[in-house]
Enquirer: 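Here you go, one structure.
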Amino acid sequence: MICFRSRLKFSTFIVAAILIFAGCSGLERNPVPVDRMPEAVVAGMPNVRSWGGRVSPHSQADIIQSVRDEPEGEFPRTADGTINYSALALSGGGANGAFGAGFLYGWTKTGHRPKFKLVTGISTGALIAPFAFLGSDYDDTLREMYTTMSTRNIFHIKLGSEAIADTSPLIEQIEKYIDESVLADVAAAHSRGRRLYIGTTHLDADRMVIWNMGAIAASRQTDAPGLFRKVVLASASIPGAFPPVLIEVEVDGIQYDEMHVDGGLKAQVFLHGAVLNIKDAAKELLGDKDVNRIGRIYVIRNGQVAPIPEAIPRKMTAIIGRTLSLMTKQAALNDLYRIFTFTQRDGLSFNFASIPDDFEMENDEPFDREEMKRLFEVGYEIAQSDDAWRKTPPGF
């Protein structure tokens, strides 16, 4: 999502678009019949995704298989021989993703950044996630992405029947940075037992979808690169502002399309989307052995979390903008508490970092290059500090 000041501009365009196009007919599409939505699969890749919010048998089997696929020494072990895993969850936040990119860059400099068993991303976090997953070799890529791009590299205003902006520039950036070598590296990491998940919102089904991006990259299907990039684009596509992404699926061999948008509608950040039961997976792998404290969860929130008072003008666009900002922030807090609850249930260590609450936003456009540079530097400095991580959610 976009910070408050920029959101005011977006709200103005959204309201204008509603007034102009309220009576216009929509574009044609071929949606899956409602009663068949649970059966829809991506052709040739039937097990690369799961509904968020409930344990998925094939995702559960996949995470168990991922442990069996790990080469010896892939992850550190505790004194009793238990493998010690680390997972990273990256939130939404639009241009504020520069904070997360800078944080990862600074974390590498400390020499303590772990190799992650699992990386998840949503919205701008989906853009960061493949490179965070692949490790410090891609730090310079993240720095370039979040300190050289500006609004014109993401979208341009083009009022239409389904959005107020054209994201062709963002599509070009995704194709540029997520190239064949990145896809090959993701597939290789997947084969070594590591997992990369990205969340989208399936607008037709009113469900969050968790995509196993390594499985897509490793599928060797000819359309796998296109699907990989579509999922990243969809996760970052703010509905109404950006066009939705249509993903081709099939039911009983008949072709349909699904409408996917910003995963932030369903969650601002997620750990495993509740598609996994970590305790059950550990029990199947380890039997009755004590599995407490077998891993650490790191959450990077690309935004601020404390209340920030501000006198709001008595104006529709200002009220709408402030409302969206508060809803997004509260959703992020709810997600932090949800992840914290999972970590307590499953015996995992909780760690989270966010943009300092006293950081004053100074951007004049949705993706302000100079502001993103500032955020990158803030993340870089905090990651190297002694108190980079908080151990409980705000207000706990």
Side-chain angles (χ1 to χ4, degrees), residues 1-2 10 14 17 26-32 37 40-45 48-52 90 92 94 97 120-130 153-179 182-183 186 196-213 215-217 219 221-251 255-268 270 273 366-367:
M1 300 295 286
I2 301 169
F10 258 66
I14 290 173
L27 301 174
E28 290 187 3
R29 56 172 303 219
N30 183 30
V32 182
M37 287 179 182
V41 297
V42 178
M45 294 179 274
V48 298
R49 64 185 192 163
S50 301
W51 292 123
L90 297 157
T120 72
I122 211 153
S123 200
T124 196
L127 296 169
I128 300 171
N153 301 118
I154 306 299
F155 68 88
H156 58 261
I157 299 301
K158 183 181 179 181
L159 295 179
S161 60
E162 60 180 359
I164 63 171
D166 179 352
T167 51
S168 297
L170 177 58
I171 294 171
E172 291 177 4
Q173 294 298 317
I174 291 173
E175 291 176 348
K176 170 185 174 181
Y177 287 109
I178 303 179
D179 58 18
V182 168
L183 292 167
V186 170
L196 170 63
Y197 295 165
I198 285 176
T200 64
T201 297
H202 186 333
L203 206 57
D204 300 315
D206 184 18
R207 298 294 296 269
M208 183 178 183
V209 176
I210 308 299
W211 297 83
N212 187 334
M213 304 301 284
I216 295 173
S219 70
Q221 295 292 314
T222 55
D223 54 349
L227 176 62
F228 193 107
R229 296 178 185 122
K230 273 190 172 185
V231 170
V232 173
L233 175 65
S235 188
S237 293
I238 306 164
F242 296 167
V245 175
L246 297 184
I247 293 180
E248 295 73 28
V249 296
E250 64 178 25
V251 179
Q255 304 297 310
Y256 297 100
D257 60 58
E258 295 175 344
M259 185 176 288
H260 287 256
V261 297
D262 193 337
L265 288 184
K266 288 295 183 179
Q268 283 295 299
F270 71 100
F367 293 85

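If you're wondering where the values come from, they're calculated on a predicted model, not measured in any experiment.
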Enquirer: Sub-3.5 Å donor-acceptor pair from the side chain of K230 to the main-chain atoms of L246, do we have one?
Expert: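 Such a contact is found between K230 side chain and L246 backbone.
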Enquirer: Classify the ring geometry between F155 and F242 as parallel (under 30°), tilted (30 to 60°) or perpendicular (over 60°).
Expert: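 Tilted.
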Enquirer: Is a donor on one side and an acceptor on the other found under 3.5 Å between the side chain of S235 and the backbone of I122?
Expert: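 No.
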Enquirer: Look only at the side chain of K266 and the backbone of D206, and say whether a donor-acceptor pair between them is shorter than 3.5 Å.
Expert: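 Judged by distance alone, yes, a pair lies under 3.5 Å.
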Enquirer: As a quick check of understanding, evaluate side chain to side chain contact (heavy atoms under 4.5 Å, CB included) for T201 and D262, giving each step before the final call.
Expert: CA-CA 6 Å; T201 297; D262 193 337; 5.8 Å; no
Enquirer: Got R229 and L183 here, is their nearest side-chain heavy-atom distance under 4.5 Å?
Expert: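 Side chain of R229 against side chain of L183, heavy atoms only: contact under 4.5 Å found.
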Enquirer: List the steps and the verdict of side chain to side chain contact (heavy atoms under 4.5 Å, CB included) for I247 and W211.
Expert: CA-CA 12 Å; I247 293 180; W211 297 83; 3.8 Å; yes
Enquirer: Could you walk me through whether V32 and D204 pass side chain to side chain contact (heavy atoms under 4.5 Å, CB included), step by step?
Expert: CA-CA 8 Å; V32 182; D204 300 315; over 6 Å; no
Enquirer: Could you tell me which non-hydrogen atom of I210 sits nearest to which non-hydrogen atom of G52, and how far apart they are?
Expert: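 So the two residues come closest at CG1-CA, 4.0 Å.
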Enquirer: Measuring from atom CE of M37 to atom CZ of R207, what distance do you get when rounded to the nearest 0.5 angstrom?
Expert: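 That separation rounds to 11.5 Å.
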Enquirer: Could you please spell out the steps behind the side chain to side chain contact (heavy atoms under 4.5 Å, CB included) verdict for N153 and F367?
Expert: CA-CA 9 Å; N153 301 118; F367 293 85; over 6 Å; no
Enquirer: Kindly indicate whether the side chain of I154, heavy atoms from C-beta on, has any atom under 4.5 Å from the side chain of P366.
Expert: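 Counting from C-beta outward, I154 and P366 never come under 4.5 Å.
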Enquirer: Nearest 0.5 Å please: distance from the CD1 atom of I174 over to the OG1 atom of T167.
Expert: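 Those atoms lie 8.0 Å apart.
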Enquirer: Under 3.5 Å, side chain of N30 to main-chain N/O of Q255, donor-acceptor pair present?
Expert: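 Checking the backbone N and O of Q255 against the side chain of N30, a donor-acceptor pair under 3.5 Å is found.
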Enquirer: Is any side-chain heavy atom of F228 closer than 4.5 Å to a side-chain heavy atom of L196?
Expert: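 Side-chain contact under 4.5 Å: yes.
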Enquirer: With rounding to the nearest 0.5 Å, note down the distance linking CG in L170 to CD in E172.
Expert: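 Nearest 0.5 Å value for the CG-CD distance: 9.5 Å.
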Enquirer: State, to 0.1 Å, how close P243 and E162 come at their nearest heavy-atom pair, and which atoms those are.
Expert: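 For P243 and E162, the tightest heavy-atom pair comes out as CB-OE2, 3.9 Å.
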Enquirer: Between CG of L127 and CG of L90, what distance do you get to the nearest 0.5 Å?
Expert: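 One finds 10.5 Å between CG of L127 and CG of L90.
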Enquirer: Considering only NZ, NE, NH1 and NH2 on the basic side and carboxylate oxygens on the acidic side, decide whether E258 and R49 come within less than 4.0 Å.
Expert: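 Looking at E258 and R49, the cut-off is met.
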Enquirer: Could you tell me the separation between the NE2 atom of H260 and the CG atom of L203, rounded to the nearest 0.5 Å?
Expert: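 Between atom NE2 of H260 and atom CG of L203 there are 9.5 Å.
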Enquirer: What I'd like to find out is whether the side chain of P169 reaches to under 4.5 Å of the side chain of H156, using heavy atoms alone.
Expert: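 A side-chain contact under 4.5 Å exists here.
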Enquirer: Decide yes or no for V42 and L227: does some side-chain heavy atom of the first lie under 4.5 Å from some side-chain heavy atom of the second?
Expert: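 Side chain of V42 against side chain of L227, heavy atoms only: contact under 4.5 Å found.
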